[in-house]
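Just so you know, these numbers come straight off a predicted model, no measurement behind them.
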Amino acid sequence: IISFGIGGIPQFFKLLKKILELNADLIQTSCNKSHILGSILGVLTGTPVLWTVHDYISREHFSFPLRKLLAVFSFFPDRIIAFSEAVRRQFISEGAPSRKIIVIHHGIDARQFREKANGDIRKELDISEGAKVITVIGRLSYWKGQEYLIRAIPGIINKHNNCKFIIAGDAVFGEIKAKEDIKRLISDSGLTGCCIMTGWREDVPNVLKGTDILVHTSSRPEPFGLVLLEGMAMGKPVVASNAGGVVEIVEHGVTGLLVKPADSDAIAEAVIYLLSHPEDADRMGKAGKERVERFFDIKAMSKKIETVYEEIINRRGAETQRKTRSKK
């Protein structure tokens, strides 16, 4: 309740009342505040709780008090789903119980995603047919690392001058300074002619359709990296930071190239390699497409989550029956 804030107390009791009215079988939570709130509600109502942890619970992203609070409350839910092994390992290192955490990777409907690519981003942005397009997609934030691609551009265009660089995304959580810093870096580096900031895009399939290489630039461990699945589903070779859940998605040298985080020289070297070896780039793109369809299918993900639902509900049901019999 403290985490929810004094102003949220009326809402807390509304939720409590609603759960009791519905006689809910399960409470599922998906963000840090809801994990704590949901656990309290679960205790008060006797309802089993499932956490789905999307974040990398580390000092790079969260304060010490919040990390330890989450670790303490992680003993309350019946199960915790981590969307990558990296997230699982990190949360355990903060004190969460390993026995409760199961890894279920994110999935996408690759075919449906490709079918949404019905536009022409190159025409929209006035990019010539022969130009090579290198793209980074994601919210603009100090740790998402778009600056490292920008710093890599001079080295790339020194070898391949017919390139355009798309930076798709915006300062979603009010990180205006990060956005302004990126704009300033592009301008100060004299790259306004080859760098395009598109702002937030709802048509990511179209952006990827017009892309030759997708670059992932996070300077800190990424919990997963859903945009990498999307790029691979479109058959694009990827260059990605070798940290966090990313290494569970990208096979180095098979579906793309993994590079040291926050290393512009490494990014430049990887992009130059793919541009200089189009056969390898094409092979990696095809391998990535196959990997997504084989290991990251949304139907398989949904089935695994349903199995966890059944496990929790059935176990709670069996426990209730045992307690009822023991009282007789």
Side-chain angles (χ1 to χ4, degrees), residues 3 29-36 51-75 77 80-98 100-106 136-152 167-182 184-185 214-229 231 238-250 252 256-267 270:
S3 173
T29 63
S30 61
C31 70
N32 295 328
K33 183 182 287 186
S34 70
H35 295 331
I36 296 169
W51 288 14
T52 50
V53 178
H54 300 263
D55 296 312
Y56 195 79
I57 311 297
S58 70
R59 63 183 181 182
E60 289 90 356
H61 298 285
F62 299 100
S63 67
F64 178 83
L66 178 56
R67 298 198 318 271
K68 295 311 167 187
L69 188 64
L70 287 169
V72 169
F73 270 88
S74 68
F75 285 83
I80 299 171
I81 293 176
F83 284 105
S84 70
E85 180 61 32
V87 167
R88 177 183 178 275
R89 287 196 304 267
Q90 178 58 34
F91 199 19
I92 291 171
S93 76
E94 293 290 344
S98 60
K100 289 195 174 188
I101 308 176
I102 183 174
V103 175
I104 299 178
H105 287 126
H106 276 293
V136 59
I137 300 174
R139 65 184 177 90
L140 304 183
S141 173
Y142 70 95
W143 69 275
K144 287 294 185 177
Q146 288 90 349
E147 66 176 284
Y148 297 105
L149 173 60
I150 297 167
R151 295 184 189 280
I167 301 171
D170 213 332
V172 179
F173 298 120
E175 295 176 276
I176 303 301
K177 184 179 184 303
K179 181 177 181 178
E180 294 303 317
D181 287 347
I182 290 170
R184 189 178 304 109
L185 180 59
L214 175 65
V215 180
H216 169 276
T217 56
S218 293
S219 60
R220 295 180 177 181
E222 189 83 54
F224 187 68
L226 186 60
V227 71
L228 292 169
L229 291 190
V238 300
V239 173
S241 296
N242 187 12
V246 170
V247 299
E248 298 164 46
I249 302 170
V250 180
H252 181 67
L257 298 174
L258 293 171
V259 299
K260 182 181 176 182
D263 190 330
S264 296
D265 291 339
I267 292 172

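- With Ser219 contributing its side chain and Gly145 its backbone, the two residues share no donor-acceptor pair below 3.5 Å.
- The backbone N or O of Phe75 lies less than 3.5 Å from a partner atom in the side chain of Lys100, making a donor-acceptor pair.
- Here the closest non-hydrogen pair linking Ala152 and Ile267 is CB-CG2, 4.0 Å.
- Looking at heavy atoms from C-beta onward, Val53 lies out of side-chain contact with Phe83 at the 4.5 angstrom threshold.
- With rounding to the nearest 0.5 angstrom, the OG atom of Ser141 is 12.0 Å from the CG atom of Asp170.
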Quiz item: Hey, mind stepping through Asp265 and Arg151 against side chain to side chain contact (heavy atoms under 4.5 Å, CB included) and telling me if it holds?
Solution: CA-CA 8 Å; Asp265 291 339; Arg151 295 184 189 280; over 6 Å; no
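- Judged purely by atom type and a 3.5 angstrom limit, Glu248 uses its side chain to pair as donor or acceptor with the backbone of Ala86.
- What you find for Ile80 and Phe91 is that their closest heavy atoms are CD1-CE2, 4.2 Å.
- Contact of the Leu229 side chain with the Leu226 side chain is registered, since non-hydrogen atoms from C-beta on lie closer than 4.5 Å.
- Minimum heavy-atom separation, Ser84 to Phe224: CB-CD1, 4.2 Å.
- Side-chain contact check for Thr52 versus Thr29: every heavy-atom pair is 4.5 Å or farther apart.
- A pairwise comparison of heavy atoms in Pro221 and Trp143 identifies O-CZ3, 4.1 Å as the closest pair.
- When all heavy atoms of Ala82 and Val87 are compared, the pair lying nearest together is CB-CG1, 3.8 Å.
- Although no hydrogens or angles enter the test, the distance criterion places no donor-acceptor pair under 3.5 Å between the side chain of Asp55 and the main chain of Ile57.
- Under the 4.5 Å side-chain criterion, counting only non-hydrogen atoms from C-beta, Val247 is in contact with Leu258.
- Within the model, atoms CD1 of Ile150 and CD1 of Ile167 stand 4.0 Å from one another, a figure rounded to the nearest 0.5 Å.
- With sequence neighbours left out, the ring pair (Phe, Tyr, Trp, His ring centres under 6.0 Å) criterion links His216 to no other residue.
- Taken to the nearest 0.5 Å, the CG atom of Asn242 stands 12.5 Å off from the OG atom of Ser218.
- Across Gly225 and Ile249, no two heavy atoms sit closer than the pair O-CD1, 3.5 Å.
- In this view, Ile92 and Arg88, Ser98, Ile101 satisfy the side-chain contact (heavy atoms from CB on, under 4.5 Å) rule, not counting sequence neighbours.
- For residues 60-71, the salt bridge (charged side-chain N to carboxylate O under 4.0 Å, His left out) pairs, not counting sequence neighbours, are Arg67-Glu94, Lys68-Glu94.
- Side-chain contact check for Arg139 versus Phe173: some heavy-atom pair is nearer than 4.5 Å.
- Counting heavy atoms from C-beta outward, Ser30 and His54 have side chains that approach closer than 4.5 Å.
- How far CG of Leu228 is from CD1 of Ile137: 9.5 Å, rounded to the nearest 0.5 Å.
- His106 NE2 to Ile104 CD1: the interatomic distance, rounded to the nearest 0.5 Å, is 10.5 Å.
- At distances below 3.5 Å, not a single donor-acceptor pair connects side-chain atoms of Ser241 with backbone N or O atoms of Pro261.
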Quiz item: Could you go step by step and tell me if Gln90 and Ser58 meet the side-chain hydrogen bond (donor to acceptor under 3.5 Å, both in side chains) rule?
Solution: CA-CA 7 Å; Gln90 178 58 34; Ser58 70; 4.9 Å; no
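- For the atom pair OG (Ser34) and CH2 (Trp51), the distance works out to 9.0 Å, reported to the nearest 0.5 Å.
- For the pairing with Leu140, the side-chain contact (heavy atoms from CB on, under 4.5 Å) check across Lys179, Glu147, Lys177 returns one residue only, Lys179.
- With hydrogens and angles ignored, the 3.5 Å screen pairs a side-chain donor or acceptor of Thr217 with a backbone N or O of Lys144.
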